[in-house]
Amino acid sequence: MKITGAEVFIGGPGKNYVTLKIMTDQGIYGLGDATLNNRETLPAAYLQDYLIPNLIGMDPRNSEDIWQFFYRGAYFRGGPIAMAAYGAIDMALWDIKGKLAGLPLYQLFGGKSRDGAMVYAHATGADLADLKDSVSSYLEQGYKAVRVQCGIPDMPNAGYAVPDEKSAGADYITDFSGIRPKVEIWDSDKYLRFMPDALAEVRNHVGPNVKILHDVHHRLLPREAAAFAKAVEPVGLYWLEDPTPAEDQESLRLIRQHSTTPIAIGEVFNSIWDCNKLIENELIDFIRVAVTYAGGITHTKRIVELAGLHHIRTGFHGAPSHSPISMAAQAHLNAWAPNFGIQEYLVLGSAACDALFPSDHVMENGMFQVSDAPGLGVDFDETEAKRYSYIAGSHPVVRLQDGTLWNY
Ligand code: KDG
Ligand code: MG
């Protein structure tokens, strides 16, 4: 069996999804997602200029060797751009493997460990009242877990992942007005004074049974993060995400020494080498990698297995920039993983998105039911794809009030 060609498409409804289609001499094709939010053209170029010409003629069934060829065979290894490109190839090769076997991917991993995977939604509010309304609307839709982000009083911008105005409902992650980032102003003291009580109010609002998650988005210093994690213990968070930037992993010990609040980290990690020490030292409770930029199913599965040895559960990244293809890959891992925790789920549930990526995966009552179709169980409609093209966008940058650049 041979790979005969591959194509990359960029675009989608309100997103620049990077979709890879790998064709074979047996008429079977596989699909992968290489979307790297606001840097979409870069994995696409790496695929087109280097990886696809090398793929032609390879046997698609040898997904492990192909992964090693690109990762180990490169002198300059890793990084989000390369790993997103390898990730897309790897997903597509597993898709082909599943289609050849006539089995959904979770069967090739070891079968189902559960019926349905719990997902969490993003509730967000310009102020606490607005946030509570947003939380309630998700609970009414059947969600059992919500990530809550809230505007901070007296802060010039609302804060991470919060619309500036009440009920604005805008895309709060990507600004599609161009590649020059907007500036958000951040004040950790104001955040630390406000947020523990705000989270306690959300707990009172929802009662004991709803899972509450909160994302600090790398904004605190280790000592501040330790104090915050301790202060929010009575809320019983399901997790506290990215309390500090994870480059200095030793600093996470401070949080552990002061608090039992569960910590979730990893959405910006690209390989097992970014998180093996965190996992082995049991400094986190949830690993947040994404199959897209952690090198696909082959490499993510290795991370999940290492995490399982250390009581660490999965909580794969599922921001709106992930296409239904990588969400399907994660759904198959979620169905199998003995140490599954929860799945972030924000794919646009729109008719336009469903038309571009037809599938039988079902999201209902806050649970994701994986499809039993062979392979990934998602298709890609190339006629629909012609409706979309690349639109430049950017994340904001964050500065302190005196102008100091801070962590986004
Ligand atoms: O592109 C950046 C987003 O993926 C990120 O801001 C989302 O932190 C995020 C999350 O937890 O989904
Ligand atoms: Mg996050």
Side-chain angles (χ1 to χ4, degrees), residues 14 118-175 182-220 224-225 227-243 261-262 264 318-320 342 344-346 348-350 363 365-366 395-396 398 400-401 406 408:
M118 185 183 292
V119 308
Y120 71 88
H122 284 191
T124 185
D127 59 28
L128 203 42
D130 201 19
L131 172 61
K132 286 191 212 162
D133 288 348
S134 170
V135 171
S136 298
S137 77
Y138 284 112
L139 299 186
E140 279 154 24
Q141 292 168 51
Y143 284 89
K144 296 147 188 66
V146 274
R147 185 190 85 167
V148 300
Q149 306 297 129
C150 189
I152 317 291
D154 302 326
M155 211 152 81
N157 293 104
Y160 167 67
V162 173
D164 278 336
E165 284 163 42
K166 226 173 151 110
S167 308
D171 184 325
Y172 47 78
I173 293 178
T174 296
D175 167 18
K182 288 202 171 126
V183 177
E184 281 182 2
I185 304 296
W186 175 256
D187 186 323
S188 295
D189 289 339
K190 287 180 180 161
Y191 170 83
L192 288 167
R193 276 199 298 275
F194 173 74
M195 198 51 78
D197 290 345
L199 292 174
E201 275 211 41
V202 173
R203 170 57 74 206
N204 285 338
H205 179 66
V206 301
N209 295 325
V210 174
K211 293 183 170 40
I212 303 173
L213 301 80
H214 179 65
D215 192 347
V216 183
H217 225 248
H218 324 275
R219 304 252 169 122
L220 296 177
E224 294 167 337
F228 184 70
K230 188 166 149 187
V232 299
E233 270 174 16
V235 179
L237 289 182
Y238 187 71
W239 79 36
L240 183 66
E241 181 178 334
D242 289 330
T261 294
I342 199 164
E344 182 180 29
Y345 185 84
L346 286 124
L348 297 173
S350 66
M363 229 297 292
N365 288 323
H395 291 116
V398 175
L400 305 182
Q401 250 156 338
W406 203 244
Y408 172 66

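We use all heavy atoms of the structure for the numbers below, so side chains are in, but hydrogens, waters and symmetry mates are not. Position 1 is the first residue of the sequence, and the numbers go up from there. In this text, all values refer to a predicted model and were calculated from it rather than measured experimentally.
Note: His218 and Tyr408 fail the aromatic proximity criterion, with ring centroids not under 6.0 Å apart. Taking the six-membered ring for Trp, Tyr120 and Trp239 have ring centres closer than 6.0 Å.
Across every non-hydrogen atom of Ser137 and Ser134, the tightest pair is OG-O, 2.9 Å.
At a threshold of 4.5 Å between non-hydrogen side-chain atoms, the residues Tyr138 and Val206 do not count as touching. Looking at heavy atoms from C-beta onward, Val148 lies out of side-chain contact with Asp215 at the 4.5 angstrom threshold. Inter-residue side-chain proximity for Glu201 and Lys132 is flagged as met; some heavy-atom pair is nearer than 4.5 Å. At a threshold of 4.5 Å between non-hydrogen side-chain atoms, the residues Pro396 and Asp175 do not count as touching. Contact annotation: the side chain of Ile185 never approaches that of Leu400 to less than 4.5 Å [non-hydrogen atoms, C-beta and beyond].
Leu240 contributes atom CG, which lies 8.5 Å from atom CG of Leu199 (distance to the nearest 0.5 angstrom). The CG atom of Leu131 lies 5.0 Å from the SG atom of Cys150; values are rounded to the nearest 0.5 Å.
Using a 4.0 Å cut-off between a side-chain N of Lys or Arg and a carboxylate O of Asp or Glu, Asp154 and Lys190 do not qualify as a salt bridge.
Cation-pi geometry between Arg219 and Trp186 is met: the NZ or CZ atom falls under 6.0 Å from the ring centre, inside 45° of the normal.
Note on ring orientation: taking the six-membered ring where Trp is involved, the planes of His214 and Tyr191 are parallel (angle under 30°, cut-offs 30° and 60°).
By the side-chain hydrogen bond (donor to acceptor under 3.5 Å, both in side chains) test, Asp187 is found to be paired with no residue, residues two or more places apart in sequence or in another chain being considered.
Counting heavy atoms of neighbouring residues, nucleotides and ligands inside a 6.0 Å radius, atom NZ of Lys211 does not exceed 12 of them.
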